[in-house]
There are 2 protein chains.
Amino acid sequence: MIEIDAIDRRILAILQKDGRITNADLAARVNLSASACHRRVQRLEQDGFIRAYTALLDRRKLARLSTVFVEITLSGQATELLEAFERGVRTIPDLLECHLMAGTADYLLKLAVADTDDFARIHREYLTRLPGVAQMHSSFALRTVAETTALSL
Amino acid sequence: MIEIDAIDRRILAILQKDGRITNADLAARVNLSASACHRRVQRLEQDGFIRAYTALLDRRKLARLSTVFVEITLSGQATELLEAFERGVRTIPDLLECHLMAGTADYLLKLAVADTDDFARIHREYLTRLPGVAQMHSSFALRTVAETTALSL
DNA sequence: AATACCACGCAAGATTCTTCGATCAATCAC
DNA sequence: GTGATTGATCGAAGAATCTTGCGTGGTATT
């Protein structure tokens, strides 16, 4: 595994918060020249530490105010069943996350929906059509207390 | 609420995937001149549609391979209790999300941890010290099937 | 039909990126 | 100790990009 030092971690921490900071400003904040800083960022990108640069949109402005978590138990654990289920899951347009959970053969899905009606539509059009589902349990988030994509460094 | 048109949605969709695309390339992909495109992006930023630009890091490279969901039931529902709990939650360094869930007074936490030992440490140092906790139930994600920050547009 | 209003494209000045060679410090072999 | 090697740094300059002013065209409103 490629090692990174304290300066690299500072660079990553800053880019996690502001992915569009200019190289000159980033260099100043980590006390490096622009060229040295630029080289480090390039290396971090090439080595795969930086997976992507993204714009995070405001869900309120785009009418996706509610977050719903859906726990799903499959009717079996055969590989084909899981694969078919996962293929289906990936086609859900408003899916944010899907995790295979330990313990029982449970999946946890996270969706961004506009409101309860919107969730009802997604439930009807997508969730009920997923193959191999034995049980499904949905939970609405009332309020998001904390939400970040930044890892602690 | 400020309205956006189809071109704005295309711009947002592209920026969600590549937050560092050059304005010239973005303009070409939405069939606009660079200046017109730049003006739209500026407007989308000022109007708050774009909340932030971020770099998404590779959790594998940074030894945060596991995702853990923690369901927490509080011992009561008094406002002070919730506020104290939420203040405490926000200090957990590896916390990715915290949602107040509908139904019972339950919180759902999502954490990025290195492994079970790391989670044990976080559990000991942070989770057990959260005020007002009546019950706690942790679930490990075995595998992440899908994970995106991009909303469907 | 006249007017106002946007959004557009073009172009140019300002900013920023990106790469080059030279320099410096640390490490290692001898 | 001394010289060589490695790796990272810096400054500078050319290339790329951003950003803004201005004139134009299309559309809606009166």
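Just so you know, these numbers use all the heavy atoms, side chains as well, and skip hydrogens, waters and symmetry mates. By convention in this document, chain letters (A, B, ...) are assigned in the order of the sequence lines, proteins followed by strands, and residues within each chain are numbered from 1. All figures in this text were calculated on a predicted structure; none of them were measured in a lab.
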**Prompt:** Ion pair present between B/Lys61 and A/Asp47, side-chain N to carboxylate O less than 4.0 angstrom?
**Reply:**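 Between A/Asp47 and B/Lys61 there is no salt bridge, as every charged N stays at least 4.0 Å from the carboxylate O atoms.
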**Remaining members of hydrophobic cluster (4.5 Å side-chain criterion), A/Phe69** =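 Reading the cluster by chain and number, A/Phe69 sits alongside A/Met101, A/Leu108, B/Phe69, B/Met101, B/Leu108.
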Compile the donor-acceptor pairs under 3.5 Å between side chains in residues 120-133 of chain A and protein atoms, sequence neighbours left out, one pair per line.
| residue | atom | partner | partner atom | Å |
| --- | --- | --- | --- | --- |
| A/Arg121 | NE | A/Asp118 | OD1 | 3.2 |
| A/Arg121 | NH2 | A/Asp118 | OD1 | 2.7 |
| A/Thr128 | OG1 | A/His123 | O | 3.3 |
| A/Thr128 | OG1 | A/Arg124 | O | 2.7 |

**Asked** Does A/Gln16 use its side chain to pair, donor to acceptor, with the backbone of B/Leu57 at less than 3.5 Å?
**Response**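 A pair under 3.5 Å: no.
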With [X] via salt bridge (Lys or Arg N to Asp or Glu O under 4.0 Å) - residues at least two apart:
X	result
B/Lys110	A/Glu97, B/Glu97, B/Glu147
A/Arg20	B/Glu45
A/Arg60	none

**Request:** Using heavy atoms to find the nearest nucleotide of DNA chain C for A/Ala34 and B/Asp5 separately, return the residue whose nucleotide is more 5′.
**Result:**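 Nearest nucleotide further toward 5': that of B/Asp5.
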**Request:** Check whether the side chain of B/Ser35 and the base of C/dG9 form a donor-acceptor pair under 3.5 Å.
**Result:**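 Indeed, a donor on one side and an acceptor on the other fall under 3.5 Å apart.
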**Request:** May I have all residue pairs that pass ring-ring contact (aromatic ring centres under 6.0 Å, His included) and include part of residues 71-92 of chain A, sequence neighbours excluded?
**Result:**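 Sorted pair list: A/Phe85-A/Tyr107.
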**Asked** Does atom CZ of B/Arg59 have more than 12 heavy-atom neighbours from other groups under 6.0 Å away?
**Response**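 Yes, the 6.0 Å shell around CZ holds more than 12 heavy atoms from other groups.
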**Prompt:** Quick one: side-chain hydrogen bond (donor to acceptor under 3.5 Å, both in side chains) partners of A/Ser35, sequence neighbours excluded?
**Reply:**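 In terms of side-chain hydrogen bond (donor to acceptor under 3.5 Å, both in side chains), with neighbours along the sequence ignored, A/Ser35 is linked to A/Ser33.
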**Item:** Shared hydrophobic cluster for A/Leu100 and A/Val70 (ILVMFWY, side-chain gaps under 4.5 Å)
**Value:**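 Shared cluster, yes.
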**Message:** Let me check something: do B/Leu15 and B/Leu44 share a hydrophobic cluster, defined by ILVMFWY side-chain heavy atoms less than 4.5 Å apart, either directly or through other members?
**Reply:**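 The answer is yes; both residues are in one hydrophobic cluster.
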**Request:** Could you tell me the separation between the CG atom of B/Asp8 and the P atom of C/dC6, rounded to a whole number of Å?
**Result:**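 So the two atoms are 15 Å apart, to the nearest Å.
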**Message:** To the nearest 10°, give me the bend of the helix from C/dA1-D/dT30 to C/dC30-D/dG1, comparing the axes of its five terminal pairs at either end.
**Reply:**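 The end axes of the helix from C/dA1-D/dT30 to C/dC30-D/dG1 are about 30° apart, to the nearest 10°.
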**Item:** Residues that A/Asp5 engages under side-chain contact (heavy atoms from CB on, under 4.5 Å), provided they are two or more places apart
**Value:**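 Only A/Ile7, A/Asp8, A/Arg40 meet the side-chain contact (heavy atoms from CB on, under 4.5 Å) criterion with A/Asp5.
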**Request:** Could you identify which residues of residues 37-56 of chain B place a heavy atom less than 4.0 Å from some atom of DNA chain D, listed by residue number, or say none?
**Result:**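 Residues of residues 37-56 of chain B that come under 4.0 Å of DNA chain D are, in numerical order, B/His38, B/Arg39, B/Gln42.
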**Item:** Of residues 16-28 of chain A, the positions that come close to DNA chain D - non-hydrogen atoms, cut-off under 4.0 Å
**Value:**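 Output list: empty, so none.
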Can you name the atoms? Protein N/O to nucleotides 26-28 of chain C N/O, anything below 3.5 Å, with the distance.
none

